[in-house]
Every structure is written in C-alpha cells, then in structure tokens.
Amino acid sequence: MLILGRKTLIAANWKMNKTVKEAIEFAMSIKPIAKASKDVEVVICPSYTALPAVGRTVAKSRVHLGAQNMHFKPTGAFTGEISGQMLKDVGCKYVILGHSERRNLFHEDNDIVNQKVKAALEISLNPILCIGEMFEERDAGNTKQVLEHQLQNSLKGINAEEMKGIAVAYEPIWAIGTGRNATAEQIDDAVSYIRHILEKMFGKVADEIRIVYGGSVTPENAPDILAVKQVDGCLVGAASLDVEKFSAIIKCKS
Ligand code: PGA
C-alpha cells in the first residue's frame, strides 16, 4: 500500500474545464512552481480527456496526476465509465472519490463511494475521499453526525494499514463554488472531529492521515486555512483553473 504521510497536499480539481491544449499549458507552468515547493505535494486532477497529455507533461516532475472519479469495476459493460486501472494506465496516483457534485448531481451514495475506495486501494491508487455537510445540516447542528456517518460508511471494511493510503477532504457543501469559505475555526472544529472519528475507527494511524480542506479556497484565504494545525492541505476548485492563483496557493506553504 502506498503510504502518504502528512506532507501538505495541494490538489487542483478542474471539474469539467480545460481543453487538452489549455491543460498542457497549465501543467507546463506549474512544474517549476512545484519543483521549488519541496514541502508541498502538488496534484492536478484534469478531466478524463486531458489525463494522458497532462500525465506525459508532468512525468518525472514533482507534479502528480489525479482523476476526478472512477467506476468501482475493473472492466465491463458500463457505457461512459472509466476504471481505476485505466487511470493507473495514464499515470494517475490519486483519484477524487465521493465529491459532493458526484454525490448530489449523480446520486452516488456512501455505499458506491465505499466500493470505489476499495477498488482504488486494490490497485494502489490513492483516494482523496470527500465528505462534508449541507448548509441545512450545519444549521440544524448536525455537522458532526453527518461527517461521522459519511466516514463510517464510505470507509466500511477498510483496515488501518489501507487507511494510510487515503487522504480525506473536508468540503462543506455550502462552501463549494460559492465564494463563501468556512472560517478557520469551523475548519479546525470539523477537521479535529474527523481525526477523532478516524482514531475511533483506525486507532493511532489517524495521526498519519492527511485531512485537507476544500470549498472556495483562494490565494487570499489559503494562508489562514493552511495555518489551521490539523489541516494538511487544500482541494481547490475554481481558483485552480488560474495558474497564477493556484501557484500563489502552493507558495503559501513554501
Ligand atoms: P471550489 O471547489 O474551490 O470552486 O469551491 C472546491 C471543490 O469542489 O473541490
């Protein structure tokens, strides 16, 4: 199993954006930034169509490749789907699983996410497992319950050793794409609680697991977010489409 440790992870989730040409240009520009930022692991998650080209562009550099989703079956009659093995084939080290857009727009529940996590680990692809509460759930005081439920069910059947290969992304849904990031205090509370649940589930290994924050991260708020002691990085959406902004977020930790 791939053991990650708690080196700061700054990951770009491009969602359904960028042509192959645009993706290559971005990857070229980010390579020297990643090279100079030795304390940060930089990951780019392009759309499927750009994965091979970005994979070739960042090969042997300090930029790692990730995908935004995968199917849990290795092969089969699943029109329009991509397997973990296919992602490995084009150089992916990471795969984002259980993103709220997958959960909410494409009806992926914890059980499906759990099958995906297991399938990824089986072929040594590192999941970035996303969890997070909706605004109504926070408002009703249920944030902790929601986070525990998602962790318990998305990570069912995973053992402590395997858990070392997983990064957890705390992404409050109300903060995604809204320009309204969670405050340092809210992030500290949620991430500390996530680590507490991971400890309950997996014991001491919880200290070795990366927990990152995602939701309207920008170069302006990244320093405060990354200063939260329990936070081991960021999953960046909109700001990761702009090479200047994404570079500035990486440089916060350099
Ligand atoms: P955002 O997206 O930075 O645009 O809010 C984050 C994410 O969806 O991972």
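Just so you know, ligand 1 is whichever comes first in the structure, and atom 1 is the first atom listed for that ligand.
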Count I, L, V, M, F, W, Y as connected when their side-chain heavy atoms are under 4.5 Å apart, and connections chain through other members. Are V117 and V146 then in the same cluster? no
Close N/O pairs between ligand 1 and protein, under 3.5 Å:
from, atom 1, to, atom 2, distance (Å)
ligand 1, 2 (O), K15, NZ, 3.3
ligand 1, 3 (O), S216, N, 3.4
ligand 1, 3 (O), G237, N, 2.9
ligand 1, 4 (O), A238, N, 2.8
ligand 1, 5 (O), G177, N, 2.6
ligand 1, 5 (O), S216, N, 2.7
ligand 1, 8 (O), K15, NZ, 2.7
ligand 1, 8 (O), H99, NE2, 2.7
ligand 1, 9 (O), H99, NE2, 3.3
ligand 1, 9 (O), E171, OE1, 3.3
ligand 1, 9 (O), E171, OE2, 2.7

Cation over ring face, R102 and F106, 6.0 Å, 45°: yes
In terms of side-chain geometry, is the basic nitrogen of E25 or K21 positioned less than 4.0 Å from the acidic oxygen of its partner? yes
List the residues meeting side-chain hydrogen bond (donor to acceptor under 3.5 Å, both in side chains) with S47, not counting sequence neighbours, and say none if there are none. T49
Once side-chain hydrogen bond (donor to acceptor under 3.5 Å, both in side chains) is applied, do any residues pair with Q145, and if so which ones, sequence neighbours excluded? none
side-chain hydrogen bond (donor to acceptor under 3.5 Å, both in side chains) filter on S61, not counting sequence neighbours, yields none
